[in-house]
2 protein chains.
Amino acid sequence: MTFEELLNDPRLGQALKSDVPTPLYHQVYLFLKEKIHLGDIPFGEKMPTEHQLSEAFQVSRITAKRAMDELAEEGYISRRRGKGSHVIYKHRAEQLAAPLSGLLENLKVLGEETQVRSIDFKRAIPPLDIQERFGLAPNEELIQSVRVRLTDGIPFGYYVSWTRDIGEGYNEMSLQQSTRLDLFKSAGIALDNVEQSITATLSNMDTALVLEIPTGRPLLLLDRSMYDAEGKLIDHLYAIYRPDKYQFDMKFSMK
Amino acid sequence: MTFEELLNDPRLGQALKSDVPTPLYHQVYLFLKEKIHLGDIPFGEKMPTEHQLSEAFQVSRITAKRAMDELAEEGYISRRRGKGSHVIYKHRAEQLAAPLSGLLENLKVLGEETQVRSIDFKRAIPPLDIQERFGLAPNEELIQSVRVRLTDGIPFGYYVSWTRDIGEGYNEMSLQQSTRLDLFKSAGIALDNVEQSITATLSNMDTALVLEIPTGRPLLLLDRSMYDAEGKLIDHLYAIYRPDKYQFDMKFSMK
DNA sequence: CACTATTTGTCCGTATGTATG
DNA sequence: TCATACATACGGACAAATAGT
């Protein structure tokens, strides 16, 4: 693909500006950077001229120039007067680490290769949505555990769980060493059904600080409820993951 | 929770500015809006003063004022001189639509309640990463299908699939009427194993235009490979979903 | 070699937006 | 509210390097 084709799209003229007041030059910069980053525009390819860009995006030449200048400053392109700008970024297809398959192995692998840090562990009255899910009386307490999971010292998962009282074996120390599934088993709780949903959200200031990323980055959000044989909700978990460090992998048979 | 507690967090002073040059007043606005939106600060609660905000975030009073002005303009708070600002937004816990469970039912429900629009359908030489997955010779072609899935006229899913030649039954028209699983079955292809991974990403200009959302919104990204009984890759799919319209729901037993 | 078109670099002036004290 | 500084965005103008005729 060349830029020629891309820039002919008349929608580009209206494509700028989202709900955030981001500068025009930066939006153009982001657009171009992504094309280069993904390998859509490979090494050596000629970039569009400042004039072409300003036409396509309906901005002034100065704005287009500034976007290109930032690309040059970050080493994506070279700029030579009279000659034009050319991509000097060498794209290599990224290898997405995908060592996980299924829920159970998933958790085991995590336990071996990563560390858990407990942020908070206490009995407390849960928020309304959790109260409703558990079917609690207004003043009933659950055990809340807030944890961060790290790999090589980099935090990639943030967990907030609410759990029924299942005995002494479930405490702040044991959580660091065993998976929660094992703790439930040791406590004699036979978990039966699991319901979970996965969606996406943006990092806000709180989650950004915990996961050591900027705000406005994409995150995976897991909402999981685990029930015992009688259909009683034993445990509810909100988990937030950095997608650059963790993703959900599934294998299954269609037979 | 009140703002008093939130604002005591000294991290707020460093919390602003991400990798995008977003104005300070807008970052403060986003922070406050989220607290109100999530119900952390409920209806009737007193907002912090401009002075408190400027202290907490280490910005000038004018900047804090502007953030509050935008909140008032959007109907989240009321501002009265001498009285302070108060939340007038009534939070209601959002109902996440969750009609799907498991891959197969998932697709069936989709077929009934939603529409598919074909964007592109052709034989073509796939990009390198797809070539490698299929183990193709450099000039070998596959069938590419690009589609959008809509519910009530709102696009929520964008699909790019690459498929081996499986006969005449797999064409642009049949794709609009049957699920691809049914088409494979009709063509006598016995799909066996499925591998898929789910991650999160941000909308760029291309995906934003297709899904009718602003750029920089979170998206769910599905990468799915389907193999036949001999372990031959038959079909590869990239799917992008709006998380406000679609999420992955799973139920399973631990027995 | 000159001539020209293309493309980037630099500079001007102006208007508006952002942020401070 | 005011004065001030800096960033963003526009259009125009001209200079300088490159490539082709």
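Numbers restart at 1 for each chain; the letters A, B, ... are given by sequence-line order, proteins then strands. Since we're looking at a predicted model, the values are computed, not measured.
- With rounding to whole Å, A:R81 atom CZ is found 8 Å from C:dT10 atom C1'.
- Residue A:H51 is the one, among A:H51 and B:S60, whose nearest nucleotide of DNA chain C lies closer to the 5' end (criterion: closest heavy atom).
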Apply salt bridge (charged side-chain N to carboxylate O under 4.0 Å, His left out) to the pair B:E50 and B:R79, showing each step before the final yes or no. CA-CA 11 Å; B:E50 295 172 1; B:R79 316 200 70 196; 2.8 Å; yes
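- C:dG13 atom C1' lies 12 Å from atom CD1 of A:I62, rounded to whole Å.
- When atom types are taken as modelled, the side chain of A:Q131 and the backbone of A:P126 share a donor-acceptor pair closer than 3.5 angstrom.
- Between C:dA19 and B:Y25, no contact under 4.0 Å exists linking OP1 or OP2 to a side-chain N or O.
- Distances shown here put every side-chain N or O of A:S85 at or beyond 4.0 Å from the OP1 or OP2 atom of C:dT7.
- Between A:H26 atom NE2 and D:dT8 atom P the separation is 10 Å, expressed in whole Å.
- Note on B:R61: nothing from the nucleic acid sits closer than 4.0 angstrom, heavy atoms only.
- The aromatic rings of B:Y238 and B:H236 sit perpendicular to each other, their planes meeting at more than 60°, with 30° as the lower class boundary.
- Contact between the side-chain N/O atoms of A:R79 and the OP1/OP2 oxygens of C:dT7 is not found at any separation under 4.0 Å.
- Contact annotation: A:R66 reaches the phosphate of D:dT8 (side-chain N/O to OP1 or OP2, under 4.0 Å).
- Taking atom CD of B:E50 as the reference point, atom C1' of C:dA19 lies 15 Å away to the nearest angstrom.
- Across all strands, A:T63 comes closer than 4.0 Å only to sugar-phosphate atoms, never to a base (heavy-atom distances).
- With rounding to whole Å, B:Q27 atom CD is found 16 Å from C:dG17 atom C1'.
- Whole-Å rounding puts the B:Q58 CD to C:dG21 P distance at 10 Å.
- To the nearest angstrom, C1' of C:dT20 lies 16 Å from NZ of B:K65.
- Positionally, the nearest nucleotide of DNA chain D for A:P23 lies more toward the 5' end than for the other of A:R80 and A:P23.
- The aromatic rings of A:Y246 and A:Y241 sit parallel to each other, their planes meeting at less than 30°, with 60° as the upper class boundary.
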Could you go step by step and tell me if A:D244 and A:R217 meet the salt bridge (charged side-chain N to carboxylate O under 4.0 Å, His left out) rule? CA-CA 10 Å; A:D244 58 335; A:R217 309 300 311 171; over 6 Å; no
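- The distance between atom CD1 of A:I77 and atom P of C:dT7, rounded to the nearest whole Å, is 14 Å.
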